[in-house]
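Report on one structure; see the data block that follows.
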Amino acid sequence: MTDQFHRLLMRVQKPARYVGGEYNQIIKDKTDVDVRVAFCFPDTYEIGMSNIGMRILYGVMNEMPGVWCERVFAPWGDMEDEMRAHDLPLWALESHDAVKDFDLVAFTLGYEMCYSNVLNMLELAQIPLLAKERDGLENIVFAGGVCAVNSEPLADFIDFFSIGEGEESTPEIIECYRAAKKKGLTKQEFLHEVAKIEGVYVPSLYTHTYYEDGTLAAITPEPGAPERVKKRIVQDLNTAYFPTKTIVPSTQIVHDRSNLEIFRGCIRGCRFCQAGFCYRPIRAKSADVLCKQAIESLEDSGNSEITLASLSTSDYRELEALADGLLEYCEPRKINLSLPSLRADNFSRELMMRIQKVRKSGLTFAPEAGTQRLRDAINKNVTEEEILSTCATAFSGGWNSVKLYFMLGLPTETDEDVVGIAELVYKILQVWRENGSGKKRGLSINLATAYFVPKPFTPFQWAAQITPEEYLRRVHLLQANLHAKCVDYRYHESDLSRLESVMARGDRRVGQALLEAHRLGCRLDGWDEYFDYEKWLEAFRRAGIDPDFYTTRGFAADELLPWQTIDVGVTTKFLLHEREKALRSESTPDCRTHCNGCGARMLSERRLCDESPAV
Amino acid sequence: MNRLLFEKTGDAVWLSHLDLMRVFQRAFKRADIMIWHSQGFSPRAYVSIALPLPVGSESGCEILDFEIQDGSVDLAKLPALLNRTMPAGIRVLEAYESAVKIKHLTRLRAQITLEYDRGIPEQAGRAIAELFSGGPVLVKKRTKSGGEAELDLKPMIFSLSLREASAQELELTALVSAQNPSCNPQLLVNAIETHLPEQKPDFARIKRLEIYDEQGNPFR
């Protein structure tokens, strides 16, 4: 007879994403295992399996004897309905065992709009949502990922956070848990123990108090809890754990290819970019190591595409050697090499033409702002000339489409900057008229604007977000200035970005709104099919939270910030200095031209950043 | 043409036809076997799987055609080589040369297990046997254009037998037309649901047992 689970698979879309069984999944003998980890990605299988961090940590944990880490993803709505109708608790893909039977439940937080999925997954797992409602050492819930740098909106639900890179801290956390379990510690005792690990933040050990105007008055740590929690980093990427034998999904995922991280951190310092500041200091992997890992990954997976991951591929010092090495392997095997995040400079232009031998990829620019003045203010160091000459080369080489990404609502933006976007688009069209080959098919320009969301640990962390009305006014202003037929303009909905802004800079009180939203049925907010703004507004009303407090109000420079306990290495003094420069529309040279003293190199044992010693 | 005979069982039954093609494309690459690639803008490893199996159905007799680029692979060793890196539930049984065209795959034998949680209804066996031995067996079928069409299964069913596999499982084995027209065994279940609502099973699982050519020999 067929069990309930397999019967309902017959009724849901894409059932393959719920059963595991892929090549390279890790199966362990339960009798050899004393710590079981349910590694939850708070979005669908297709998104989660594309995440390189999850693949690394899955490998890290399963390398540990006696530890079995399994994967859990958010079900799509149809499956969720079936699970609720048949009282089927959320399961892990490898063993199909219920998540509630696991010791540790880990979440990775890559995007603020996944928070409702965290709550929904806990509920589907039949695990109490609030940390204080979970008593024992069973179902200890922890989380990491870039959003963990301001984890306050999730503080009521998650027992502790792992800040920074998890390759080294995750095994320490698991050993600490194993020891606690052996010694029979209480949950409270365990939390005090785990808080001693560098990079671990236990929110329940900190009390937040507020002034009458709602701003944060004080953060008081319990005795024994560190004043500040310093982000963990991997010291040497060449020797750091990296899995070349990883799960090969049988069903299609979003990024269906091998993924190779070439360096961490970024020398550019774009003032809106959270990753650019949070992933510092800059540490690269050598081209030799990368080539070896690439070949191993491709041979083991059978993938027909490999991509290089970093925040700015062109800034990798050994890029030419790496690209040559990879092409030598990939070309005869019809493997496509893709280099995203290339800068629009000369060197990159040549490289781009060279790597297109297997398959031609798109041409994408993210100038983010329409005028040089605003690009200087946000420190996006790309010039109009660079964009136009790259377009010229590409158009004469046969490209006939280009994607352009901008943001609206950046600090100091004026109408002139908005109209500047339309002007840049027009100049690109002119370049096409002069250089385009195969003009019969015409040029297509895909233009997209996002609604700027200020993020913690950036120079804009204090900035006010513009109102949704003002954002839409700027959208329409841009629209009115776009005349060419070949431009397909799309803009982000304001609702989602407003919400993202609340979550990004939210404090602990926002957790109540999150809980209300969950009760109202919010989940899969990153998906248009499910995002329901009205429910969120209702949740804020019920929780007594004014979203504007976190969005359009802005934070005062001397205000205590909810994320103050976390130390990502970059100093507040540096961020303030960068903010001042932004207001003066002054750019900062990249870190390779000279060190700007952001402070992140102090995270390195040898005080190294970008392989140059401390100044 | 090079051909594989493989089985799809266990949780692999949830893989779609496209998923399965991707699984094999990668499996060949993992085994370091360069197979023929489609030409053009995005070259792809060419594999062709006969008679797409409905998602959820099991099979012991799937056929995949491919072409080895330089012809230097020992086909006898291929199943073991591929099986080393297959996802759970996919197992290659044989690899061989074949000149028989897929159009000669005309019939298939399927096993349909009707699951009755509260035991097989008393009349079920007889009623089902009668349904398929009488006149036309009409079922509604969704057409490609999104509409509905009525279809008579009767001319597509060549033989059918019934057996009680357990107190709750009624096992129906049918030899049906595989192509032109093709008869999805699920349609037999639909026919039971439509015409014998009282014998409607709680669940039905389907397994493709064997495929045949016009002469009734197993198709290879």
Side-chain angles (χ1 to χ4, degrees), chain A residues 1-25 27 45-46 79 93-96 245 247-253 256-258 295-306 330-336 356-361 398, chain B residues 8-16 18-45 54-58 69 82-90 113-117 165-169 186 189 201-206:
Chain A
M1 294 290 278
T2 308
D3 60 26
Q4 188 61 259
F5 170 61
H6 287 91
R7 284 186 185 184
L8 33 111
L9 286 174
M10 206 68 201
R11 302 197 287 266
V12 298
Q13 291 174 48
K14 302 185 191 166
R17 55 185 162 180
Y18 301 118
V19 294
E22 309 93 323
Y23 169 60
N24 275 345
Q25 75 166 4
I27 297 288
Y45 177 90
E46 291 84 342
M79 179 52 111
L93 295 195
E94 280 77 0
S95 63
H96 292 203
K245 190 172 176 61
I247 295 170
V248 182
S250 305
T251 188
Q252 192 153 16
I253 59 169
D256 206 357
R257 56 199 177 207
S258 291
I295 293 170
E296 277 175 27
S297 301
L298 288 166
E299 281 182 348
D300 186 74
S301 64
N303 282 336
S304 54
E305 183 172 359
I306 185 161
C330 293
E331 259 188 278
R333 291 167 181 83
K334 300 216 161 63
I335 293 168
N336 186 35
Q356 302 296 337
K357 285 177 189 161
V358 179
R359 200 175 299 168
K360 237 177 219 176
S361 64
Chain B
K8 190 182 183 208
T9 60
D11 279 332
V13 304
W14 307 107
L15 299 180
S16 71
L18 281 177
D19 291 340
L20 199 56
M21 290 178 36
R22 294 161 18 85
V23 162
F24 275 100
Q25 285 161 343
R26 283 183 160 86
F28 279 113
K29 274 219 157 80
R30 290 198 282 265
D32 201 22
I33 295 166
M34 197 62 180
I35 61 170
W36 187 82
H37 277 59
S38 65
Q39 307 297 303
F41 194 69
S42 314
R44 268 171 221 287
V55 171
S57 293
E58 211 178 299
Q69 195 139 302
L82 289 173
N83 288 338
R84 278 212 310 250
T85 71
M86 276 295 175
I90 304 291
T113 308
L114 305 172
E115 299 184 359
Y116 296 96
D117 294 349
S166 74
Q168 295 165 301
E169 290 169 307
Q186 177 63 39
V189 181
D202 294 293
F203 189 74
R205 55 177 207 271
I206 296 170

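Contacts with chain A were tallied for B:Leu15, B:Asp202, B:Leu18; B:Leu15 has the most, counting heavy-atom pairs under 4.5 Å. In terms of heavy-atom pairs under 4.5 angstrom with chain A, the leader among B:Arg205, B:Glu169, B:Arg22 is B:Arg22. When each of A:Pro249, A:Gly20, A:Gly21, A:Ser301 is scored by its heavy-atom pairs under 4.5 Å with chain B, the top score falls to A:Ser301.
Here A:Tyr23 pairs with nothing under the ring pair (Phe, Tyr, Trp, His ring centres under 6.0 Å) rule; sequence neighbours left out. Listed by chain and number, the residues in a ring pair (Phe, Tyr, Trp, His ring centres under 6.0 Å) with B:Phe203 amount to none (sequence neighbours excluded).
Using a 4.5 Å cut-off between heavy atoms, A:Asn303 touches chain B through backbone and side chain atoms alike. Heavy atoms of A:Asn24 lying under 4.5 Å from chain B are absent altogether. With a threshold of 4.5 angstrom between heavy atoms, B:Tyr116 approaches chain A through N, CA, C or O but not through any side-chain atom. Proximity to chain A involves both the backbone and the side chain of B:Thr85, based on heavy atoms less than 4.5 angstrom apart. Using a 4.5 Å cut-off between heavy atoms, A:Gln252 touches chain B through backbone and side chain atoms alike.
A donor-acceptor pair under 3.5 Å is formed between the side chain of B:Gln25 and the backbone N or O of B:Ala45. Judged purely by atom type and a 3.5 angstrom limit, B:Glu115 uses its side chain to pair as donor or acceptor with the backbone of A:Thr2.
The shortest side-chain heavy-atom distance between A:Arg7 and A:Met1 falls under the 4.5 Å cut-off. For the pair A:Asp256 and B:Arg26, the minimum side-chain heavy-atom distance is below 4.5 Å.
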